[in-house]
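First the structure, in the form of structure tokens, and then the observations on it.
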Amino acid sequence: MPWEKERNMTEKQKKISLLDVEKVAGLARLGLTPEEKAKLGGQLNDILVYMEKLDELETSGIEPLAHILPLQNVLREDRVREGLSQEQALWNAPEKKDGLFKVPLVLE
Amino acid sequence: MNLNKPTAHEIVDMVGNGKVTAVEVTESCLSRIDEVEPVIRSFIRVDREGALSMAGDIDRRIAAGENPGILAGVPIALKDILSVEGKEITCGSKILQGYTAPYDATVVRKLREAGAVFLGQTNMDEFAMGSSTENSGYWPTGNPWDPTRVPGGSSGGSAAVVAADEAITSLGSDTGGSIRQPAALCGVAGMKPTYGRVSRYGLIAYASSLDQIGPFGKDIEDIALMLEAISGYDPLDSTSAPVEVPRFRDSLVDDIAGMKIGVPRECFVEGMEEGVEEMFRAGLEVFRSLGAEIIEIELPRIPYSVACYYILSTAEASSNLARYDGVQYGVRNREEKSLLSMYESTRKDGFGEEVKRRILLGTYVLSAGYYDAYYAKSLKVRRLIKDDFDRAFSVCDSVVMPTSPCTAFKLGSRMADPLQMYLSDIFTIGVNLAGLPAISINCGFDREDLPVGLQIIAPPFAEGKILRAAYTFERNTEFHKRKPEL
């Protein structure tokens with residue numbers, strides 16, 4: 001945990017370890033260089049310490065607000081309409097074959 | 001004649017009555033672009049041919065006696081986040097280089113139908129993540145008032161092109177202040193409409209529950225005109241609101257006598273620059289002298305909005321940006337032999353540092369074991385912040401705050417500490433969390449002669465109140481008439 005050594009953190013200030021950074025990057029399918037892991041890890045730690053500010057607020061019994069508009073399910077009429085053509089949908093494909101997106105081996 | 005200088009409503013009049021042609025106006029903007037872009041660098045791409053061809057069509061339609069719409073012949077710049085059919089759109093990111101949008105965003109279609117001319121795409125922080133446009137995957141943009149300073153962000157390019165008279169108006173997007181803060185730093189007007197007022201279809205998503213498209217303008221009449229052109233329910237965006245669109249220009253009334261304006265005690269924070277506070281207080285005096293009643297109010301949960309926002313927005317972003325994996329569009333790292341390593345190395349090479357930071361943070365706060373402490377907690381805090389505004393609007397018509405605690409800062413001066421950069425969004429973020437409409441207008445200049453922004457906030461779908469207050473301020477001050485020397 002390079003950022004801990006660098007800054008003599010107390011236990012309370014340790015929010016995220018190098019292992020956590022690697023795990024989260026893996027979940028996000030995000031490749032990182034060793035330098036990025038160290039730098040971003042330290043910064044994330046600072047940000048997470050700051051986020052503790054939220055604990056000052058009592059929120060038990062408060063209804064979470066995920067979305068600002070009072071919308072329920074919005075359904076459209078069940079009618080056929082024009083969408084993108086297969087050709088348009090494939091305009092930007094890095095690789096395609098026989099009208100499909102082509103990807104590298106899924107199972108090695 | 002410098003046809004790049006007038007406002008949109010002036011251009012519409014001149015083009016409509018045959019005094020000038022849309023092609024002449026467009027050529028003026030293009031030559032201004034040639035003149036200042038080497039210094040400002042606010043366009044990622046300029047579509048010279050496309051713009052002249054759109055302008056030619058407008059001129060032909062006017063000659064044939066048609067009315068091409070409320071923005072006939074107005075050259076407009078679009079943030080590089082809005083889809084334009086057949087054009088390259090990259091959201092300021094290397095990962096989307098070469099991406100051609102297969103359809104128009106709804107706002108783009110509406111602007112076409114209103115007779116606008118598209119000049120090209122403006123620079124921005126990659127995926128709209130930033131407050132300075134320095135996170136662009138291309139290059140930083142200079143502030144027209146001082147090109148060694150940032151234009152603000154993330155819609156920094158769209159603010160700069162209007163300030164520098166390269167475009168007549170422009171569109172940006174605002175997730176946590178990305179229209180209002182660059183408008184403030186560049187000394188132009190910029191408005192974030194109510195969440196749901198404008199369709200997000202074709203807007204590349206950052207944080208879907210917060211994103212909203214809005215205009216930049218040289219004056220408030222242009223903001224009203226643009227808002228009329230782009231607003232309205234859209235079946236292609238299930239979060240767009242089935243609410244009637246008023247004729248916003250009817251709100252341009254020079255009278256705010258009796259309007260109750262709330263000023264939150266919390267907005268006089270430590271760290272606000274002296275020049276900002278001074279001009280903000282002077283702005284309040286302008287309102288007071290015009291007959292508005294200034295009321296001190298409390299928004300006690302605003303100090304928590306930065307933490308709440310950076311949890312919710314990054315959580316949404318980590319999910320929205322999962323689609324950039326080298327499969328359907330954008331660049332792909334072709335050297336990798338397996339699907340998983342292709343995903344990881346494509347995203348490693350394609351995303352910039354700020355985007356990686358936010359994806360990591362968003363993934364972390366959503367991950368098992370941390371979800372309740374961060375994400376679920378923030379959803380509740382979001383409710384408390386909305387309650388604060390609801391309470392405020394029960395005693396006042398609008399709320400006024402500074403837009404940003406600082407004026408334009410030097411390029412490169414704040415890149416080392418992302419948390420400090422996040423904290424500078426303190427005045428704009430609450431508005432997005434509560435889904436409210438808000439504008440930033442120029443309320444003066446600090447001692448270094450940099451513009452200061454004043455923000456006016458109203459209840460949902462009460463854009464008319466904002467326009468009326470902003471218009472009255474503008475009619476009784478001269479700040480909006482000052483132009484940067486370039």
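What's counted below: heavy atoms across the whole structure, side chains too, no hydrogens, waters or symmetry copies. As the structure is a computational prediction, the values presented were derived from the model and not from experiment. We name chains A, B, ... by the order of the sequence lines, and we start the count at 1 in each one.
Both the backbone and the side chain of A:Gln88 come within less than 4.5 Å of a heavy atom in chain B. Only the backbone of B:Glu336 comes within contact range of chain A, with at least one heavy atom under 4.5 Å from a heavy atom of that chain. Within the 4.5 angstrom heavy-atom criterion, atoms from both the backbone and the side chain of A:Leu32 approach chain B. Looking at A:Glu77, there are no atoms closer than 4.5 Å to chain B (heavy atoms on both sides), in backbone or side chain. Contact of B:Leu423 with chain A is made through the side chain alone, with heavy-atom distances under 4.5 Å. Neither the backbone nor the side chain of B:Ala368 comes within contact range of chain A, judged by heavy atoms closer than 4.5 Å. Only the side chain of B:Leu236 comes within less than 4.5 Å of a heavy atom of chain A; its backbone N, CA, C and O stay farther away. If you measure heavy-atom distances from A:Lys96 to chain B, you find no contacts under 4.5 Å at all. For A:Arg29, the parts lying near chain B are the backbone and the side chain together; criterion is any non-hydrogen pair under 4.5 Å. Using a 4.5 Å cut-off between heavy atoms, A:Leu54 contacts chain B through both its backbone and its side chain. At a 4.5 Å heavy-atom cutoff, the contact between A:Leu84 and chain B is made by side-chain atoms alone. Looking at A:Glu63, the atoms closer than 4.5 Å to chain B (heavy atoms on both sides) sit in the backbone and in the side chain alike. Using a 4.5 Å cut-off between heavy atoms, B:Lys386 contacts chain A through its side chain alone, with no backbone atom that close. Looking at B:Thr363, the atoms closer than 4.5 Å to chain A (heavy atoms on both sides) sit in the backbone and in the side chain alike. Proximity to chain A is absent for every atom of B:Pro235, based on heavy atoms less than 4.5 angstrom apart. For B:Thr194, no part lies near chain A; criterion is any non-hydrogen pair under 4.5 Å. Only the side chain of B:Phe351 comes within contact range of chain A, judged by heavy atoms closer than 4.5 Å. Contact of B:Ile385 with chain A is not made at all, since no heavy-atom distance falls under 4.5 Å.
What you find for B:Ser367 and A:Leu27 is that their closest heavy atoms are CB-CD1, 4.2 Å. When all heavy atoms of A:Lys53 and B:Tyr304 are compared, the pair lying nearest together is O-CE2, 3.3 Å. Closest approach of B:Lys377 to A:Thr59, counting heavy atoms only: NZ-OG1, 3.1 Å.
Taking the side chain as every heavy atom from C-beta outward, A:Leu48 and B:Leu361 approach each other to under 4.5 Å. For the pair B:Arg332/A:Pro104, a side-chain contact is recorded, criterion being any heavy-atom separation below 4.5 Å from C-beta on. Contact check for A:Leu30 versus B:Tyr343: no side-chain heavy atoms found under the 4.5 Å cut-off. The shortest side-chain heavy-atom distance between A:Leu105 and B:Lys337 does not fall under the 4.5 Å cut-off.
Listed options A:Ala89, A:Ser85, A:Gly41, A:Ala28 were ranked by heavy-atom pairs under 4.5 angstrom with chain B; first place goes to A:Ala28. Between chain B and the residues A:Glu36, A:Lys39, A:Met51, the most heavy-atom pairs under 4.5 angstrom are made by A:Met51. Per-residue counts of heavy-atom pairs under 4.5 Å with chain A were compared for B:Ile359, B:Leu419, B:Val327, B:Val381; the largest is that of B:Val327. Heavy-atom pairs under 4.5 Å with chain B peak, among A:Lys102, A:Glu95, A:Arg76, at A:Glu95. The greatest number of non-hydrogen atom pairs below 4.5 Å with chain A, out of B:Tyr103, B:Tyr310, B:Tyr364, is found for B:Tyr364.
From B:Leu433, atom CG reaches atom CD1 of A:Ile68 across 8.0 Å, with rounding to the nearest 0.5 Å. Expressed to the nearest 0.5 Å, how far CG of A:Leu107 lies from CG of B:Leu340 amounts to 11.5 Å. The NZ atom of A:Lys23 lies 13.0 Å from the CG atom of B:Leu360; values are rounded to the nearest 0.5 Å. In this structure, CZ on B:Arg357 lies 8.0 Å from CG on A:Leu44, to the nearest 0.5 angstrom. Of the inter-residue distances, the one linking A:Tyr50 atom OH with B:Gln420 atom CD reads 9.5 Å to the nearest 0.5 angstrom.
The local environment of CD in B:Glu335 is sparse, with at most 12 non-hydrogen atoms from other residues, nucleotides or ligands closer than 6.0 Å. The 12-atom threshold is not exceeded at NZ of B:Lys94, counting heavy atoms of other residues, nucleotides or ligands nearer than 6.0 Å.
Of the possible polar contacts, none joining the B:Lys380 side chain to the A:Leu57 backbone as a donor-acceptor pair under 3.5 Å is found. Proximity of a side-chain donor or acceptor of B:Arg382 to a complementary backbone N or O of A:Pro64 within less than 3.5 Å is not detected. The main-chain N or O of A:Pro94 is found under 3.5 Å from a side-chain atom of B:Arg334 such that the two form a donor-acceptor pair.
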Kindly indicate, with the supporting measurements, whether the criterion side chain to side chain contact (heavy atoms under 4.5 Å, CB included) is fulfilled by A:Val103 and B:Leu339. CA-CA 7 Å; A:Val103 295; B:Leu339 186 61; 3.6 Å; yes
